[in-house]
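Structure first, then comments.
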Amino acid sequence: MNPFQRPYVEEIAAQAAAALSLPLDCVAAAVELPRDLSLGDFALPCFRFAKEKRLPPASLASQVAAAFHPTRYLASAQAVGPFVNFRLVPPARAERALRAIHEQGLAFGGEKPGTGKRIVIDYSSPNIAKPFHIGHLRSTVIGNALANLFELLGYEIVRVNHLGDWGTQFGYLMAAWQREEWRAEADAAESEPIRRLFRLYVRGNQEDEHGNPALADEARSWFRRLETGDPKAVALWKSFKEISLSYFDKIYTRLGVRFDHTTGESFFEDKMAPLVEKARASGVAEESEGAFVIHTNEDGPPLILLKKDGGTTYATRDLAAALYRHDEYAFEQNLYVVGSTQQLHFQQLFAALALLGFEWAGRCHHIAFGKILGLSTRKGNVIWLEEVLDEAVERAREKAKENPELVEDIEGTAERVGIGAVVFHDFLARRIKDLEFSWEAVLNFQGDSGPYVQFSHVRTCGILRKAGSSASPDSERACATPDVDFSLLSLPEDRCLVALLEAWPEKLIIAAEEYEPFVVARYLLELSGLFHSYLEKHRVLSDDKSLTAARLLLVDSVRRILAGGLELLGVQAPDRM
Ligand code: ARG
């Protein structure tokens with residue numbers, strides 16, 4: 001149930017429970033939203049009381065309606081078949097909702113179920129010396145939105161970037177780096193340091209595939225040198241990492257995303273031994289074909305703790321990382337926002353933790369997501385995220401130029417709209433679904449898109465600006481005194497808008513329970529649609545001062561929820577576009 005609507009439900013339950021002589025909480029639990037909101041604001045289906053009361057549901061409904069008396073929030077009750085439909089007093093409802101939004105913004109009506117609890121979220125987690133690809137973008141934006149969402153619910157969030165900065169692949173890169181002519185070739189082909197690295201990396205791998213055994217041997221020996229702390233190897237690896245990090249940071253800045261800890265896989269290099277020892281001593285791990293493994297389920301492949309050559313794996317490092325997070329952060333939940341292609345890895349990881357006797361294994365969750373399909377950019381076949389972002393901005397700039405009189409800051413607006421569009425696109429479906437990428441959909445100003453919600457926000461700002469300084473969205477004093485005549489907000493469209501605004505606190509809870517920023521995005525699209533149709537029917541600004549004031553407050557409430565909701569999703573809300 002929506003926590004904000006509890007007082008309404010309580011009043012309904014109090015009356016119905018008295019009329020039927022039933023316990024309060026059992027009646028309260030039955031109150032629901034009617035299928036058709038034109039029938040009423042809340043409904044009480046009476047089926048479930050029929051058995052106990054030995055009366056048909058319809059007569060119970062009539063009993064409740066007959067005993068009804070208006071209260072502070074309840075205006076009327078009507079029996080329709082087995083249901084009782086209740087109506088709220090529109091001004092009282094509007095006043096309570098709009099005041100709450102005005103005073104508390106996005107967190108209005110919210111309880112803080114997360115108070116005193118900590119959630120670790122592992123997201124983004126790209127690999128050094130490689131492109132930041134679209135899958136990492138999904139992880140980044142979904143993880144960031146979930147972190148913001150849980151933060152709003154009172155949780156303390158630890159944002160972790162688990163960089164892929166360790167493993168034999170860096171041996172290949174170092175071996176390739178030693179070849180002057182390859183390096184010269186990469187330098188000539190690319191100007192960006194990260195792209196040079198990636199070229200070398202690809203070159204090294206190609207050579208390996210074409211059966212250059214010398215390179216594979218060199219790669220192994222370079223990685224071994226890195227593992228044993230050889231200064232030359234370490235220095236090289238560090239420089240690769242720095243190049244990658246400064247490249248990632250540019251992307252994070254553009255996306256407005258941050259982390260509390262950027263601890264890559266290498267961080268766990270010296271933290272695996274005790275774990276491996278525990279696995280050995282407890283008998284959970286065993287030798288298999290020269291490797292040291294944990295059988296996490298009967299028929300699947302085992303989790304490899306140590307390879308034949310004694311080296312650790314991605315999984316070993318993740319085991320150590322989970323343990324570290326537990327000991328360091330005492331989490332209530334440990335979340336991994338990673339594509340669904342790694343499902344097996346996380347199943348094995350959590351199962352291995354459980355086998356090792358860590359009761360908190362059940363508090364680790366893989367927040368999986370699907371693929372982005374059909375993405376191509378105007379350049380090349382490796383997709384570099386910054387090219388996608390640049391193209392989105394360029395397309396947004398073209399659109400903005402169509403409307404030059406509206407845009408003061410074309411560059412800034414294009415950046416906010418273009419990037420916002422790409423980010424919002426990730427939330428158009430439940431995360432597990434694959435998403436078809438098309439520029440038309442990403443930048444569709446009329447339909448389900450980020451720019452559509454941004455544009456709704458722009459409209460609220462425009463109205464408030466036009467209304468004059470006291471209601472300027474630039475000052476948080478927008479409509480400073482909600483001392484308006486709330487009875488003027490009683491038209492069906494007012495009531496619908498208030499009801500939808502009031503639904504927000506519950507959406508937040510559902511989104512968190514399901515780990516679905518999609519729920520927030522859908523809500524913002526719905527609110528935008530309802531707001532546009534409101535403006536088609538009603539003029540906000542008129543000569544009628546009281547009416548104008550009341551409607552401005554409504555518009556300002558829509559503005560606050562749209563702006564806050566977008567921000568939660570990591571999308572900027574421009575006030576002009
Ligand atoms: N670096 C990995 C990749 O790009 C993702 C890491 C996800 N986090 C983790 N703790 N395994 O595929």
Side-chain angles (χ1 to χ4, degrees), residues 119-144 146-147 157-170 172-173 194 197-198 201-202 205 237 240-241 244-245 247-249 251-252 257 259-269 271-272 275 294 296 303-305 312-329 331 333-353 358 360-361 363-372 382-385 426 431 515:
I119 298 184
V120 178
I121 308 191
D122 173 328
Y123 63 104
S124 197
S125 308
N127 303 318
I128 69 169
K130 286 213 196 158
F132 191 105
H133 63 69
I134 200 79
H136 293 126
L137 175 71
R138 282 214 89 179
S139 170
T140 308
V141 304
I142 293 172
N144 180 54
L146 289 176
I157 307 298
V158 183
R159 298 163 181 252
V160 176
N161 194 351
H162 186 79
L163 286 182
D165 62 356
W166 203 251
T168 38
Q169 72 268 31
F170 296 105
Y172 280 96
L173 186 54
I194 182 80
L197 277 189
F198 182 57
Y201 175 80
V202 170
N205 275 299
W237 171 81
F240 297 159
K241 191 164 165 174
S244 306
L245 279 176
Y247 158 69
F248 296 149
D249 277 342
I251 292 179
Y252 295 139
V257 167
F259 296 92
D260 299 310
H261 305 285
T262 297
T263 34
E265 292 181 41
S266 64
F267 181 77
F268 300 99
E269 182 55 6
K271 297 177 181 61
M272 288 179 280
L275 201 100
I294 300 182
T296 52
L303 178 149
I304 299 176
L305 212 49
T312 58
T313 67
Y314 177 54
T316 326
R317 293 186 282 277
D318 251 336
L319 280 172
L323 191 58
Y324 176 84
R325 286 174 199 177
H326 174 266
D327 294 349
E328 201 70 12
Y329 310 124
F331 55 70
Q333 294 183 56
N334 180 25
L335 308 180
Y336 298 85
V337 185
V338 184
S340 53
T341 49
Q342 293 196 26
Q343 195 178 351
L344 177 63
H345 166 74
F346 286 104
Q347 274 169 2
Q348 293 181 321
L349 179 66
F350 304 155
L353 288 169
F358 299 118
W360 45 265
R363 290 189 264 126
C364 300
H365 306 287
H366 177 201
I367 310 300
F369 55 81
K371 295 196 182 66
I372 302 274
V382 177
I383 293 164
W384 291 81
L385 179 70
D426 259 316
R431 59 189 154 72
Y515 306 100

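Note that the numbering runs from 1 along the sequence shown for the chain. Whatever order the structure lists ligands and atoms in, that order sets their numbers, starting from 1.
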Any donor-acceptor pair under 3.5 Å linking the side-chain atoms of S124 with those of Y252? yes
Which label fits F346 and Y336: parallel for a plane angle under 30°, tilted from 30 to 60°, or perpendicular past 60°? tilted
With heavy atoms of Q342 as the reference, note each atom of ligand 1 found under 4.0 Å away. 3 (C), 12 (O)
Are Y247 and F198 an aromatic pair, judged by ring center distance below 6.0 Å? no
Based purely on interatomic distance, does H136 place a nitrogen or oxygen under 3.5 Å from a nitrogen or oxygen of ligand 1? yes
Could you check, using the six-membered ring where one of them is a Trp, whether F358 and H326 have ring centers closer than 6.0 angstrom? no
Proximal atoms of ligand 1 relative to Y314 (non-hydrogen, under 4.0 Å): 2 (C), 5 (C), 6 (C), 7 (C), 9 (C), 11 (N)
Where on Y123 is there a heavy atom closer than 4.0 Å to ligand 1, on the side chain, on the backbone, on both, or on neither? neither
So between L349, V338, L163, whose heavy atom ends up nearest atom 7 (C) of ligand 1? V338
Check ligand 1 against N127 and write out every atom of the ligand that is under 4.0 Å from a heavy-atom position of the residue. 1 (N), 2 (C), 3 (C), 4 (O)
Do the ring centers of W360 and F331 come within less than 6.0 Å of each other? yes
In terms of atom number and element, which parts of ligand 1 are under 4.0 angstrom from non-hydrogen atoms of D122? 8 (N), 9 (C), 10 (N)
Looking only at N/O atoms, are E265 and ligand 1 under 3.5 Å apart anywhere? no
Enumerate the atoms of ligand 1 whose separation from the nearest heavy atom of F346 is less than 4.0 angstrom. 11 (N)
Can you list the atoms of ligand 1 that are under 4.0 Å from a heavy atom of Y336? 10 (N)
Passes side chain to side chain contact (heavy atoms under 4.5 Å, CB included), E265 versus D165? Steps please. CA-CA 6 Å; E265 292 181 41; D165 62 356; 3.7 Å; yes
Could you tell me if the ring centre of H261 sits under 6.0 Å from that of Y329? yes
